[in-house]
Amino acid sequence: MPVKAAAAALILPAPWLVSGVQEAASQPGQFPAMLQTVLFAVLLLAAAWNDHREHIIPDILNLGIALSALLCFRPANLWGLLAAVPFLAAAMGGRMGGGDVKMVAACGLVLGFWDTMFGCIIGLFLMLCFCLVLPGGLRRKEACPMAPFLSAGFLAAYFLP
């Protein structure tokens, strides 16, 4: 995957990141929310970059994303773990890696079910668009890392109202 396309997928949600940090910092007592915003974004970007370069998402990054959910924990967000079920089925069929499944589950703890599903849809749509413009299109045999696209989708879901 060309570096320019990965960079575009990762830079896409940057304005939302800046406005989200500014909004959290402007309200008193919002330090945990601001810390979660920064930590969530940095860990997603690190996972995307590592998946792009080495085709692996380290477990420590997924664990960090999951632990960032504790900063602004809501019990309803536990339903977000269910968003990883379709990815788990695809991984068991050998169609994708387990790191993507763990990343979706970890993001589900931060975002909740519906926002995680929205992030997955956005990320998979970005990935589909990218694959359609590559030579060979969808018939390519080479694996395309999902984390850069899913990260962009999850960041969009995190910052969009």
Looking only at heavy atoms, what is the nearest atom pair of [X] and [Y], with distance?
{"X": "Cys107", "Y": "Leu44", "result": "SG-CD2, 3.7 Å"}
{"X": "Gln36", "Y": "Ala69", "result": "NE2-CA, 3.6 Å"}
{"X": "Thr116", "Y": "Val104", "result": "CG2-O, 3.9 Å"}
{"X": "Trp79", "Y": "Phe113", "result": "O-CD1, 3.6 Å"}
{"X": "Met146", "Y": "Asp100", "result": "CB-OD1, 3.9 Å"}
{"X": "Val110", "Y": "Tyr158", "result": "CG1-CE1, 3.9 Å"}

For the residue pair [X] and [Y], establish whether any side-chain heavy-atom pair is separated by less than 4.5 Å.
{"X": "Cys144", "Y": "Phe149", "value": "yes"}
{"X": "Cys120", "Y": "Phe154", "value": "yes"}
{"X": "Ser151", "Y": "Leu45", "value": "no"}
{"X": "Leu111", "Y": "Phe40", "value": "yes"}
{"X": "Ile57", "Y": "Lys102", "value": "no"}
{"X": "Phe159", "Y": "Thr37", "value": "yes"}
{"X": "Leu109", "Y": "Leu81", "value": "yes"}

Open item on the list: With a 6.0 Å cut-off (strictly less than), is the heavy-atom count around CZ of Phe73, excluding the residue itself, greater than 12?
Closed with: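 For Phe73, atom CZ is crowded (more than 12 foreign heavy atoms under 6.0 Å).
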Open item on the list: Within a 6.0 Å radius of atom CG on Leu70, are there more than 12 heavy atoms belonging to other residues, nucleotides or ligands?
Closed with: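 It does: Leu70 CG has more than 12 such atoms within range.
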Flag yes if [X] and [Y] sit in one hydrophobic cluster, no otherwise; membership is Ile, Leu, Val, Met, Phe, Trp, Tyr, and two members link when side-chain heavy atoms are under 4.5 Å apart.
{"X": "Trp114", "Y": "Ile121", "value": "no"}
{"X": "Phe130", "Y": "Phe125", "value": "no"}
{"X": "Leu155", "Y": "Leu126", "value": "yes"}
{"X": "Ile122", "Y": "Leu124", "value": "yes"}

Rounded distance [0.5 Å steps], [atom1] in [X] versus [atom2] in [Y]:
{"X": "Asp51", "Y": "Leu61", "atom1": "CG", "atom2": "CG", "answer": "10.5 Å"}
{"X": "Leu160", "Y": "Phe118", "atom1": "CG", "atom2": "CZ", "answer": "5.5 Å"}
{"X": "Leu43", "Y": "Ile60", "atom1": "CG", "atom2": "CD1", "answer": "9.5 Å"}
{"X": "Leu39", "Y": "Leu35", "atom1": "CG", "atom2": "CG", "answer": "6.0 Å"}

